[in-house]
Visitor: 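One structure follows; several queries about it will come next.
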Amino acid sequence: HDLLKEVFVFDYFKNEKLQEIKIGFRFTFQADNRTITDDEVSKVIDDIIEKSLRINSVSLPGLK
C-alpha cells in the first residue's frame with residue numbers, strides 16, 4: 001500500500017519446546033502531501049491481518 005513506508009521486525013522468539021515462533025512487527029505509515037487518518041491506517045492493518053491469517057499455521061493472539 002502506498003501509505004505503508006516501512007515494516008520492521010522488532011522481536012523474534014522461537015520456542016523449540018512448543019514448536020512455535022513469535023514475531024513482533026512495527027509498521028510506519030506516511031503520506032508525502034497530507035495527513036493520514038486513523039481509518040486509513042486501520043484499513044491497511046485489517047488487510048495485513050486478513051492476508052496473514054490466510055497463511056497456514058499463522059495466528060494472532062488477542063485478535064477479536
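Any value given below was found using the heavy atoms of this structure, including those in side chains, with hydrogens, waters and symmetry copies removed.
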Visitor: For Lys43, I'd like to know if atom NZ has over 12 heavy atoms of other residues, nucleotides or ligands within 6.0 Å.
Guide: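 No, because the 6.0 Å sphere around NZ of Lys43 holds 12 heavy atoms or fewer from other groups.
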Visitor: Kindly give the cluster partners of Phe13, where membership spreads through any ILVMFWY side chain lying under 4.5 Å from a current member.
Guide: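 Besides Phe13, the cluster holds no residue at all.
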Visitor: Do Ile36 and Val41 make a side-chain contact, defined as non-hydrogen atoms from C-beta onward lying under 4.5 Å apart?
Guide: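 Yes. Closest side-chain heavy atoms under 4.5 Å.
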Visitor: Applying side chain to side chain donor-acceptor pair (under 3.5 Å) as the test, list every pair that has at least one member in residues 45-54; sequence neighbours left out.
Guide: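 Those involving residues 45-54 are Asp47-Lys51, Glu50-Arg54.
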Visitor: Check the hydrophobic clustering (I, L, V, M, F, W, Y; side-chain heavy atoms under 4.5 Å; chains of links allowed) and say if Ile23 and Leu18 are grouped together.
Guide: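 Not linked; separate clusters.
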Visitor: Within the 4.5 Å heavy-atom criterion, are Ile48 and Val7 side-chain neighbours or not?
Guide: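 Result no, sub-4.5 Å side-chain heavy-atom pair not found.
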Visitor: Check which hydrophobic residues are tied to Phe10 through side-chain heavy-atom contacts below 4.5 Å, counting indirect links as well, and list them.
Guide: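 Phe10 shares its hydrophobic cluster with Phe8.
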Visitor: Scan for side chain to side chain donor-acceptor pair (under 3.5 Å) pairs involving residues 11-36, sequence neighbours excluded, and state none if there are none.
Guide: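 Pairs touching residues 11-36 that pass the test: Arg34-Glu40.
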Visitor: Which heavy atom of Val58 sits nearest a heavy atom of Leu53, and at what distance?
Guide: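 For Val58 versus Leu53, the nearest heavy atoms are O-CD2, 3.9 Å.
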Visitor: Using 30° and 60° as the class boundaries, would you call the ring planes of Phe29 and Phe27 parallel, tilted or perpendicular?
Guide: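 Judged by the thresholds at 30° and 60°, the geometry between Phe29 and Phe27 is tilted.
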Visitor: Using the test side chain to side chain donor-acceptor pair (under 3.5 Å), find all partners of Glu6 that sit at least two apart in sequence or belong to another chain.
Guide: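 Glu6 satisfies side chain to side chain donor-acceptor pair (under 3.5 Å) with no other residue.
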